[in-house]
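Just so we're on the same page: letters track the sequence lines, and every chain starts at 1.
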2 protein chains.
Amino acid sequence: MAVTLGDVARHAGVSLATASRALNGSARSVTEELSAKVRASADALGYLPNAPAQALARSSGATIGVLLHDVADPYFGGIARGVGDAAARAGLLSLVTSTDGDPRRELEAIRMLHAHRVRAIVLAGSAYNDVSVIQELDEALAAYQEQGGRVAAITDHGPLYDTVEVANKEGAAALTRALLDLGHRRFAVITGPERMRVAEDRLDGVLEALDESGLTPVEGMLQRTEFTREGGRAAMARIVDVARESGTPLPTAVIALSDICAAGVLAELRARDIAVPEEISVAGFDDIPLATDLAPALSTVRLPLARMGEFAVRLALREGGGRDLADNSHASAEVVLRDSTAAPGVY
Amino acid sequence: MAVTLGDVARHAGVSLATASRALNGSARSVTEELSAKVRASADALGYLPNAPAQALARSSGATIGVLLHDVADPYFGGIARGVGDAAARAGLLSLVTSTDGDPRRELEAIRMLHAHRVRAIVLAGSAYNDVSVIQELDEALAAYQEQGGRVAAITDHGPLYDTVEVANKEGAAALTRALLDLGHRRFAVITGPERMRVAEDRLDGVLEALDESGLTPVEGMLQRTEFTREGGRAAMARIVDVARESGTPLPTAVIALSDICAAGVLAELRARDIAVPEEISVAGFDDIPLATDLAPALSTVRLPLARMGEFAVRLALREGGGRDLADNSHASAEVVLRDSTAAPGVY
DNA sequence: GGTGGGTGGGAAAGCGCTTGCCAGCTCCCC
DNA sequence: GGGGAGCTGGCAAGCGCTTTCCCACCCACC
């Protein structure tokens with residue numbers, strides 16, 4: 001029913017082999033004359049290669065897999081876009097799987113991507129700190145790699161994979177220092193679940209910077225939650241409640257380690273009539289597109305989301321594939337101060 | 001190198017055919033005894049089916065393609081998420097292509113998805129009003145359908161495809177009426193490019209509702225722009241400039257037919273020190289997750305983005321595949337009034 | 001006890017493509 | 001002018017799976 005390479009070959013009066021080489025072949029060359037004839041036949045017939053067949057014959061598909069928590073989340077959406085663009089540039093399509101960070105679904109997703117013989121898997125935020133599954137994940141990925149698959153991680157997922165190093169820790173530290181410079185001394189920090197490596201890295205950065213100034217977050221001023229709006233809102237509520245119950249003053253600065261979280265924080269503070277930044281400064285992380293449109297415009301740390309995705313693909317697809325650590329890409333993080341932060345007590 | 005079905009068959013002491021039937025086969029049955037043996041061997045060996053090979057043999061892949069403008073855009077991200085979830089439930093993976101609404105890239109994407117023999121293509125916002133390419137797109141999709149492909153569209157893309165009917169027009173009309181009810185009479189409307197069907201539908205709804213009240217947008221008060229933040233900002237700037245130059249009063253209500261656009265509108269108004277909603281009410285469309293966190297919280301029309309994606313998949317995958325119009329799904333739109341709108345002149 | 005029908009296993013023919021290998025040709029150099 | 005060297009075409013063997021036949025077998029029934 002569909003037009004096959006065979007049809008094209010017959011129409012052009014050449015062999016199947018020649019047709020194949022003319023249209024996709026790389027190693028061997030075909031005279032321009034024949035090649036042109038084949039190409040002409042191909043589009044006269046409206047030939048469309050059969051990707052699965054090619055994948056089978058070459059034993060490597062024309063796709064790239066992306067593993068992430070949720071495409072609808074701006075952070076991951078940005079990465080997915082970058083991966084998709086880079087893939088398209090390489091003539092590949094991208095397979096996107098949203099796992100909500102559920103380890104079992106991640107494992108499942110890796111297996112499916114492997115089954116589809118994707119050329120590379122990009123890991124963007126997986127449950128890589130969850131010891132209960134990390135081994136299974138590693139095994140699944142190892143099996144994939146053994147069969148020629150490439151995997152690139154965005155943010156550290158261990159030394160086994162090429163990784164796009166994201167300056168999460170540095171960025172968080174810089175952000176914290178910026179707040180310290182403004183004069184803040186009472187901090188609250190809202191981070192993500194322990195199983196998320198990114199969250200841990202960012203938290204480390206914050207703690208380190210605080211430590212440099214001889215500070216440690218007081219009991220209750222360090223909250224762990226999911227990186228969601230609701231998570232941020234609830235965490236902020238807890239922070240205020242803890243402070244009020246214990247009679248301690250509110251923090252003057254709240255650092256939410258994800259912009260989405262920070263949006264929840266802002267919402268909660270608004271609901272409680274606590275002025276930002278007058279009473280409390282709030283900062284996020286990621287600089288998602290709408291960060292600047294929040295009320296007030298959110299101070300945050302800018303990450304080049306799409307480029308991170310592109311880097312990952314480039315890393316995974318690069319020639320040779322020798323895992324040369326020097327090749328790891330770096331994504332820098334830049335502090336962006338907007339209206340949600342100010343010096344404490346200036347009002 | 002990889003474990004093949006043949007290996008499993010040998011290990012289980014059965015034929016290739018039996019192994020295939022035990023693991024995936026449908027038509028023919030295999031005795032439970034053998035079947036169990038095969039399954040045991042399969043996971044003893046860590047067998048992972050080769051999807052491309054299966055796709056080739058069955059001449060239909062285990063993937064679904066999604067065509068959209070930009071995964072990083074919250075509107076499309078939500079849809080992509082829904083498609084991905086529904087696909088996963090059906091044991092499929094989803095191939096996502098961001099085309100930025102460029103007709104040529106859409107055509108290219110359709111061809112690639114076809115080449116990959118995706119089981120269905122979900123059209124979410126394509127250049128379907130652009131006559132210069134609509135024919136080519138239709139041809140490409142027709143070719144795909146002829147070979148057994150299914151296509152489902154989110155929002156009307158013509159009668160040739162199953163479609164998830166989105167109440168764009170009705171929602172826009174309802175939103176407009178809500179503003180009329182508040183007392184607004186001077187409107188400005190910011191819509192998307194003509195080639196976008198959604199934009200046209202929404203605009204129709206607005207105009208129809210205005211017409212019911214005997215209103216028509218004045219010259220310059222109807223702006224067309226891309227559905228982006230910057231597009232919205234620029235359009236709002238033009239609206240203010242036009243009004244000032246012509247000495248007409250500013251509109252009391254601005255309807256931006258996409259939330260992202262509305263974010264730009266709010267930013268521009270803020271920059272010009274025009275108070276929302278005191279001086280101008282602003283409304284968006286889509287109810288993207290962060291709409292409620294904008295400043296002020298955005299009034300908008302809620303669309304069940306993820307469910308729209310799921311519907312599309314269900315439509316495309318349903319049994320038989322008879323294109324029964326009665327089967328078309330409907331996605332309702334609900335007006336959500338928040339702080340960005342108020343009665344005119346109450347301040 | 002013979003025959004017809006039903007059932008489950010296996011051999012083998014593809015699915016559409018890539019690619020290793022061989023054959024034929026041209027070209028060049030001694 | 002003869003003989004490699006170097007190209008370019010074509011043949012055919014897969015890639016890993018599904019599926020059509022065919023066959024062996026078992027049961028039931030006359």
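Looking at residues two or more places apart in sequence or on another chain, you find no side chain to side chain donor-acceptor pair (under 3.5 Å) involving B:S59. Residues meeting the salt bridge (charged side-chain N to carboxylate O under 4.0 Å, His left out) test with A:E136, sequence neighbours left out: A:R104. Evaluation of the ring pair (Phe, Tyr, Trp, His ring centres under 6.0 Å) rule for A:F311 yields no partner, not counting sequence neighbours. Not a single salt bridge (charged side-chain N to carboxylate O under 4.0 Å, His left out) links A:R111 to another residue, sequence neighbours left out. Evaluation of the salt bridge (charged side-chain N to carboxylate O under 4.0 Å, His left out) rule for A:D100 yields A:R105, B:R81 as partners, not counting sequence neighbours. For A:E32, the salt bridge (charged side-chain N to carboxylate O under 4.0 Å, His left out) test picks out A:R39, with sequence neighbours left out. A:S94 pairs by the side chain to side chain donor-acceptor pair (under 3.5 Å) definition with nothing, not counting sequence neighbours.
Within the 4.5 Å cutoff, side-chain heavy atoms of B:I110 are placed close to those of B:L141. Residues B:L113 and B:L95 have side chains in contact (heavy-atom distance under 4.5 Å, counting atoms from C-beta outward). A heavy-atom distance below 4.5 Å is not found between the side chains of A:V133 and A:L107.
Looking at B:S20, its side chain never comes within 3.5 Å of a backbone N or O of B:L16 through a donor-acceptor pair. Of the possible donor and acceptor atoms, none in the side chain of A:D85 sits under 3.5 Å from a partner among the backbone N and O of A:G82. Judged by distance alone, the side chain of A:R117 and the main-chain N or O of A:S60 form no donor-acceptor pair under 3.5 Å.
Between the CD atom of A:E33 and the P atom of D:dC7 there is a distance of 19 Å, rounded to whole Å. As rounded to whole Å, 6 Å separates atom C1' of C:dG16 from atom CG of A:N50. Distance, A:L23 CG to C:dT19 P: 14 Å, rounded to whole Å. Here the P atom of nucleotide D:dG16 and the CZ atom of A:R117 are 8 Å apart, to the nearest Å. Counting to the nearest Å, the P atom of D:dG16 and the CZ atom of B:R10 are 11 Å from each other. Separating the CG atom of B:L56 from the P atom of D:dT18 is a distance of 11 Å, rounded to the nearest angstrom. Rounding to whole angstrom units, CG of residue B:L16 and C1' of D:dT18 are separated by 9 Å. D:dG16 atom P lies 16 Å from atom CZ of A:R58, rounded to whole Å.
Among the heavy atoms of the strands lying under 4.0 Å from A:P49 are primed sugar atoms or P, OP1, OP2 only; no base atom is included. Using a 4.0 Å heavy-atom cutoff across all strands shown, A:T4 reaches sugar-phosphate atoms only and no base atom.
Heavy-atom contacts from other residues, nucleotides or ligands closer than 6.0 Å to CZ of B:R307 number 12 or fewer.
Distance from the side chain of A:T31 is smallest for D:dT8 among the nucleotides D:dT8, D:dT18, D:dG16. With distances taken from any side-chain atom of A:S15 to the nucleotides C:dG10, D:dG10, C:dG16, the minimum falls on D:dG10.
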Atom pairs, N/O to N/O, protein against nucleotides 25-27 of chain C, distance under 3.5 Å?
none

Contacts under 3.5 Å, N or O only, protein and nucleotides 20-22 of chain D:
{"from": "D:dT20", "atom 1": "O4", "to": "B:R21", "atom 2": "NH1", "distance (Å)": "3.4"}
{"from": "D:dC21", "atom 1": "N4", "to": "B:R28", "atom 2": "NH1", "distance (Å)": "3.3"}

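Not one side-chain nitrogen or oxygen of A:N24 sits closer than 4.0 Å to the OP1 or OP2 atom of C:dC17. Distances shorter than 4.0 Å separate none of the side-chain N or O atoms of B:Q54 from OP1 or OP2 on D:dG16. Residue A:T18 has a polar side-chain atom (N or O) positioned under 4.0 Å from OP1 or OP2 of D:dG10.
Counting only residues at least two apart or in different chains, ring-ring contact (aromatic ring centres under 6.0 Å, His included) contacts with residues 102-123 of chain B comprise B:H114-B:Y144.
Within residues 37-46 of chain B, no residue has any heavy atom closer than 4.0 Å to DNA chain D.
Direction of the helix axis in the helix from C:dG1-D:dC30 to C:dC30-D:dG1 shifts by 50° between the two five-pair termini, rounded to 10°.
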